[in-house]
Amino acid sequence: MNRSFQDAFAPLHAPRDLPQRVLAGAPVRRPARLLRTGLLAAALAVALTATACAADYFLNQREVFFFDTLQALAQKQADDVPENTAIGVAMPCPAEEIPEMETAAQYVARAMERGLLGEETFLSQTASSDPRQDGWEEQVVRECEDDYYGPMTVTYQTADFYAEEMPLAEPGPWDLRALAQWMTPQEGAQILVEGRRPKDDGLAWVQAHLGYALPEGGFFNLSYSFDPNTNYGSQPEYVLSSAYDQSEVYTTRDDRQALVLAYDGQVWATAAYGSGMVSIYTNGCTLEQVEEILDELNLALLFPL
Amino acid sequence: MNQDEFLALACAHMDEVFRLAFSCLKSRADAEDVTQTVLLRLYERNNPFEGEDHPRHWLIRVTLNECKKYWRSPWRHTEDFSDYANTLVFEQPQNGELFEAVMGLDAKYRVVVFLYYYEGYTLQEIASALKLPRATVGTRLSRARQQLRKILSEEVVP
């Protein structure tokens with residue numbers, strides 16, 4: 001080890017009470033309520049909380065379990081999970097304790113300006129005049145060598161004015177008009193990102209994020225992700241946690257299930273099928289309002305079975 | 001892992017984990033989040049470690065994986081790097097200069113520099129940890145050195 005580098009980083013310290021915080025948040029082991037093998041991680045929001053993590057999930061079981069904390073479940077699986085499969089858990093905490101984090105618009109600006117995969121090489125920037133793109137007016141293309149996906153061509157599209165339809169390559173255009181019926185799209189807070197393999201133009205992954213303002217204050221964020229390397233199955237199962245004020249599995253009008261969690265004015269909802277996932281995080285909606293929105297999202301079209 | 005074992009390992013390694021996470025993410029808040037996640041995974045680990053160096057290498061690998069998730073994650077913490085850097089107290093001014101210079105590198109160079117100079121990893125070990133070809137690691141380290149030498153003396157960056 002180089003002494004100069006050791007000295008340069010010496011003033012950086014983790015919070016002294018971090019181990020105690022970890023112990024305080026770790027679950028009490030209760031053999032009587034423990035899991036069986038091959039569990040699931042619950043689906044969670046993409047918002048980061050004070051005890052943070054998450055944005056990636058996986059499901060591989062067919063039973064519903066009940067735990068005091070989602071961390072109990074996720075950590076039990078951690079050692080069984082291949083390194084590149086991410087598990088995320090968010091401990092609920094009051095909204096005012098959530099540290100400041102990027103807004104949807106800031107995230108979009110960061111992605112458009114610098115990309116999302118670390119070091120990307122800028123290729124082109126265009127303003128689209130293709131009427132089929134319906135509001136997705138600015139496009140930036142970059143290429144990179146991603147550690148996980150390999151060589152990638154990444155296309156970033158934003159909707160300068162609100163776009164009523166998201167032009168997904170698979171399964172097809174997604175109608176978003178229902179979201180704008182009672183929420184206001186935040187300026188510069190819509191983005192659609194596609195990663196493709198240059199050798200065959202094959203679709204590697206998709207991420208989309210939309211930000212909305214609520215009529216009486218608060219915000220609503222919706223994310224969509226698609227990754228052919230992931231398989232959530234056709235009959236997903238979810239984990240309910242008593243750590244939240246409300247925790248239920250909701251079946252939409254078009255017969256798709258979503259895990260819906262509420263805590264201190266915040267609501268998280270996630271539906272995952274096959275290679276796709278929709279996640280919602282809102283501060284200002286009730287659980288019932290989020291379930292109404294889920295009914296309007298036409299998840300059956302997004303997740304054909 | 002029992003609490004005593006966990007506390008001993010956590011206290012011994014959490015600064016190292018935090019420094020690696022910070023060098024990757026350039027955000028104190030994100031680095032703290034990652035450190036907490038890594039420590040939680042340490043606590044929940046059931047398999048015993050093999051050998052004295054195993055915990056350190058395991059923690060580094062887990063930290064790098066957690067940082068990778070953050071790079072892809074939306075809505076990271078907003079934070080001005082200078083705000084945190086200005087709170088740090090260095091024993092010698094040149095330590096602070098080196099810190100600023102390293103943190104001024106692109107993320108892909110910072111990680112390699114940190115693992116090579118701070119952790120003392122070989123190029124092959126870095127390649128294995130980052131799942132990159134060894135030649136790529138060598139190239140990144142070489143370019144990082146060039147950039148650092150423009151700012152710092154050769155005594156600091158051999």
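Predicted, not measured: the structure shown is a model, and the values here were computed from it. Just so it is clear: chains get the letters A, B, ... in the order the sequence lines come, proteins before strands, and each one is counted from 1. All values below were derived from every heavy atom in this structure, side-chain atoms included, with hydrogens, water molecules and symmetry-related copies excluded.
Contact count against chain B (heavy-atom pairs under 4.5 Å) is highest for A:A14 among A:A14, A:A111, A:P15. Annotation: maximal heavy-atom pairing with chain A below 4.5 Å, among B:E97, B:R19, B:E32, B:Q3, occurs at B:R19.
At least one test fails for B:R143 against the ring of B:Y109: distance under 6.0 Å to the centre or angle within 45° of the axis.
From A:Q207, atom CD reaches atom OH of A:Y156 across 9.0 Å, with rounding to the nearest 0.5 Å.
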Test side-chain hydrogen bond (donor to acceptor under 3.5 Å, both in side chains) on B:R140 and B:Y116; report intermediate values, then the result. CA-CA 11 Å; B:R140 290 185 183 180; B:Y116 187 82; over 6 Å; no

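Only the side chain of B:L7 comes within less than 4.5 Å of a heavy atom of chain A; its backbone N, CA, C and O stay farther away. For chain A, the nearby part of B:F6 is the side chain; its heavy atoms alone come within less than 4.5 Å. Neither the backbone nor the side chain of B:V62 comes within contact range of chain A; no heavy atoms are under 4.5 Å apart.
In the displayed structure, A:Q20 atom CD is contacted under 6.0 Å by more than 12 heavy atoms of other residues, nucleotides or ligands.
Here the side chains of B:F49 and B:M1 are in contact, with some heavy-atom distance below 4.5 Å.
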